[in-house]
Amino acid sequence: MRIGEVLDSKSHGDVVTIRPDAGVRELLAALATHNIGALVVSADGASLDGIVSERDVVRRLHADGTVVDTTVGAIMTALVETCSPETDLDDLMRTMTDRRIRHVPVVDDGRLVGIVSIGDVVRAKIGRLEFERDQLDSYLHQG
C-alpha cells in the first residue's frame with residue numbers, strides 16, 4: 001500500500017496550514033478548531049516551510065515561558081521529514097516509529113499534497129490486515 005492510497009481514504013483532503021509569521025495564539029486556535037495535533041507551516045499554502053505541533057508549543061513553554069507572545073516560525077521544526085504519495089506504508093510506519101514522528105507532510109514534485117498522521121498509518125495498516133484476514137477466511141471456508 002502506498003501513502004497516496006492513505007491520502008485518498010481520508011475524509012478530508014485539504015491540508016490545514018499556517019504562515020510562519022502567524023502568532024502562536026492563532027496556531028492554538030487552529031489546532032483546537034480543527035481538532036488536530038500539528039499544522040504544516042507554509043507561507044503560501046503549497047510550499048513547505050516547516051511543521052509545528054503541540055509538542056513544539058509545550059517545549060517552548062517549558063524552555064522559557066514565552067510561547068504565547070511569539071510567532072509560529074520561532075517554534076516550528078524547520079527540518080521536516082516528508083514522504084511522497086508513492087512511499088510504501090510500511091516504510092513510512094518504520095520511519096515514524098524510529099524517529100518518533102507523529103505527522104508527516106506528503107510532497108509531490110515540491111508541492112504539498114497532504115499530511116498523514118500516525119493514526120492514519122495505523123488505521124490503513126489495520127484495514128489492510130483485516131482485508132487479508134477476510135480473504136483467507138473466505139478461502140478456507142470455500143468448499
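FYI, the numbering just counts along the sequence from 1.
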Asks: Atom CG of L28 and atom OG1 of T33: how far apart are they, to the nearest 0.5 Å?
Replies: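 Here the interatomic distance stands at 10.5 Å.
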Asks: Applying side chain to side chain contact (heavy atoms under 4.5 Å, CB included) to L92 and V116, what does each step give before you reach the verdict?
Replies: CA-CA 10 Å; L92 183 61; V116 291; 3.6 Å; yes
Asks: To the nearest 0.5 Å, what is the distance between CG (L31) and CG (L39)?
Replies: 4.5 Å
Asks: To the nearest 0.5 angstrom, please state how far the OG atom of S42 sits from the CG atom of L112.
Replies: 6.5 Å
Asks: For D91, enumerate each residue passing the side-chain hydrogen bond (donor to acceptor under 3.5 Å, both in side chains) test, keeping only those at least two apart in sequence or located in another chain.
Replies: R94
Asks: Does anything in residues 78-89 form a salt bridge (charged side-chain N to carboxylate O under 4.0 Å, His left out)? List the pairs, not counting sequence neighbours.
Replies: R2-D88, E81-R99
Asks: Once side chain to side chain contact (heavy atoms under 4.5 Å, CB included) is applied, do any residues pair with A22, and if so which ones, sequence neighbours excluded?
Replies: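 Partners of A22 under the side chain to side chain contact (heavy atoms under 4.5 Å, CB included) test: I18, R19, E26, V72.
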Asks: Under the salt bridge (charged side-chain N to carboxylate O under 4.0 Å, His left out) rule, what pairs show up with a residue in residues 131-141, not counting sequence neighbours?
Replies: none
Asks: Does anything in residues 35-59 pair up under salt bridge (charged side-chain N to carboxylate O under 4.0 Å, His left out), and if so which pairs, sequence neighbours excluded?
Replies: none
Asks: Can you tell me how far CE of M96 sits from CG of L89, rounded to the nearest 0.5 angstrom?
Replies: 10.0 Å
Asks: Hey, could you give me the CD1/SG distance between I101 and C83, rounded to the nearest 0.5 Å?
Replies: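 With rounding to 0.5 Å, CD1 (I101) is 10.0 Å from SG (C83).
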Asks: Determine whether L129 and L136 fall in the same hydrophobic cluster, where Ile, Leu, Val, Met, Phe, Trp and Tyr are linked whenever their side-chain heavy atoms lie under 4.5 Å apart.
Replies: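 In one cluster with L129: L136, no.
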Asks: What residue pairs, at least two apart or across chains, pass salt bridge (charged side-chain N to carboxylate O under 4.0 Å, His left out) with a residue in residues 109-121?
Replies: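 Counting only pairs at least two positions apart or across chains, the salt bridge (charged side-chain N to carboxylate O under 4.0 Å, His left out) contacts touching residues 109-121 are K10-D120, D120-R123.
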